[in-house]
Amino acid sequence: YHRVHGEVPTYIPDWKLALDDPANPFTDIIYEKAEGIAKITINRPERRNAFRPQTVKELMRAFNDARDDNSIGVVIFTGKGTKAFCSGGDQSFRGKEGYADYDSFGRLNVLDLQVQIRRLPKPVIAMVAGYAVGGGHVLHMVCDLTIAADNAVFGQTGPKVGSVDAGYGASVMDRLVGPKRAREMWFMAKFYNATEADKMGLVNTVVPLEKLEEETVKWCREIIRNSPMAIRVAKSALNAVDDGHSGLQQMGGDATLLFYGTEEGTEGKNAYLQRRKPDFSRFPRLP
Ligand code: S0N
């Protein structure tokens with residue numbers, strides 16, 4: 001492979017701020033791009049990168065942009081600083097119906113963000129230094145890959161603070177670590193260090209903290225060299241069974257997308273536009 005593609009460079013790219021809308025600047029995140037990689041960083045280190053509804057709204061804006069930007073092949077999702085990837089929902093914003101910030105009613109919009117990451121047709125890599133706990137642990141789990149620093153700590157806190165993620169937080173975890181470990185993680189709300197998380201299948205690799213970004217970018221560069229369509233189809237296929245109708249819809253959309261690119265698909269469209277009957281006779285009925 002390396003003989004064909006060459007070695008992957010390890011320097012950290014020259015990140016450029018992205019989606020810098022002066023009328024609507026980000027307050028809770030940092031959004032950067034370089035070399036076909038988008039980097040989305042939760043920027044609330046004083047709260048161990050806990051998210052409030054505003055944080056989630058900004059994350060969704062950035063992830064949406066990364067999906068639509070044709071030059072982006074992979075997304076890094078991370079937290080500012082070395083102490084936390086994300087410590088989950090900001091408890092000081094929690095109300096009766098969920099989390100509330102500028103408007104007075106609560107919302108559970110992190111669930112929409114989880115779905116967005118699952119359906120984004122490009123790989124999303126969680127780059128984890130420090131704590132990935134509570135809703136922050138679920139966010140790393142819904143990412144396609146996780147690169148952990150050796151100071152990373154993983155776990156659910158819900159049963160200790162009166163919350164629970166009974167959606168992807170339960171089902172994706174069950175897939176990742178198996179039913180017994182998933183029960184252990186939820187019932188006991190224990191924390192696990194990076195080595196333990198690696199053994200449990202929660203992460204892809206563990207690297208020294210000072211090498212975290214270098215290694216993550218290296219993985220991104222490897223991915224970007226490969227076929228975007230193959231990666232897109234692989235991601236939707238890997239999620240399809242677990243995501244039910246929604247997963248099949250995503251994968252089915254890939255089939256439609258590929259069909260539109262064929263002569264057979266184009267004949268149907270051309271015939272309609274040219275006001276003639278389509279001639280599909282020349283297309284084979286493959287075995
Ligand atoms: C992360 C921990 C272990 C770090 O400990 P450490 O290093 O000792 O730091 P601290 O001194 O504890 O923290 C530093 C400052 O940061 C504040 N802070 C940290 N985490 C949070 C947080 N989650 N919310 C608000 N503030 C936080 C500290 O208060 C401290 O501030 P100062 O300096 O002012 O004292 C440790 O901090 C810890 O255990 N944090 C709490 C982890 C936690 O329980 N998170 C919430 C879990 N629940 C969720 O995530 C909700 C899930 C969810 O959102 C959801 C799920 C499914 C369906 C819907 C929803 C939904 O509600 O939307």
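Order of listing sets the numbers, starting from 1, for every ligand and every atom in it.
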**Study point:** Options Arg44, Gln91, Arg47, ranked by nearest heavy atom to atom 18 (N) of ligand 1, top entry
**Key:** Arg47
Practice item. Can you figure out which of Gly134, Ser87, Pro45 has its heavy atom closest to atom 45 (N) of ligand 1? Key: Ser87
Distance below 4.0 Å between [atom] and any protein heavy atom?
atom: atom 12 (O) of ligand 1; answer: no
atom: atom 34 (O) of ligand 1; answer: no
atom: atom 38 (C) of ligand 1; answer: no
atom: atom 30 (C) of ligand 1; answer: no
atom: atom 62 (O) of ligand 1; answer: yes
atom: atom 8 (O) of ligand 1; answer: no

If the contact criterion is a heavy-atom separation under 4.0 Å, does [X] count as touching ligand 1?
X: Phe51; value: yes
X: Ser163; value: yes
X: Val138; value: no

Review point. Is the CZ atom of Phe283 crowded by more than 12 outside heavy atoms at less than 6.0 Å?
Key: yes
Practice item. Give a yes or no on this: more than 12 heavy atoms of other residues, nucleotides or ligands lie within 6.0 Å of atom CD of Glu263. Key: no
Check your understanding: Under a single-linkage definition using a 4.5 Å side-chain heavy-atom cutoff for Ile, Leu, Val, Met, Phe, Trp and Tyr, are Tyr131 and Val203 assigned to the same hydrophobic cluster?
Key -> no
Check your understanding: Any link between Ile30 and Val74 through a network of hydrophobic side chains (Ile, Leu, Val, Met, Phe, Trp, Tyr) touching at under 4.5 Å?
Key -> no
Review point. Heavy atoms, side chains only, cut-off 4.5 Å: are Lys39 and Lys33 in contact?
Key: no
Check your understanding: Any side-chain heavy atom of Met173 within less than 4.5 Å of one from Arg181?
Key -> no
Under 4.0 Å from any heavy atom of [X], which atoms of ligand 1 are there?
X: Gly135; result: 49 (C), 50 (O)
X: Glu46; result: 15 (C), 16 (O)
X: Gly88; result: 50 (O)
X: Val161; result: 44 (O), 47 (C)

Review point. Can you name the one residue among His245, Arg119, Arg118 that meets side-chain hydrogen bond (donor to acceptor under 3.5 Å, both in side chains) with Gln250?
Key: Arg119
Review point. Got a donor-acceptor contact below 3.5 angstrom from the Lys83 side chain to the Pro45 backbone?
Key: no
Check your understanding: Is the shortest distance from a Lys or Arg side-chain nitrogen in Lys277 or Asp279 to a carboxylate oxygen in the other one below 4.0 Å?
Key -> no
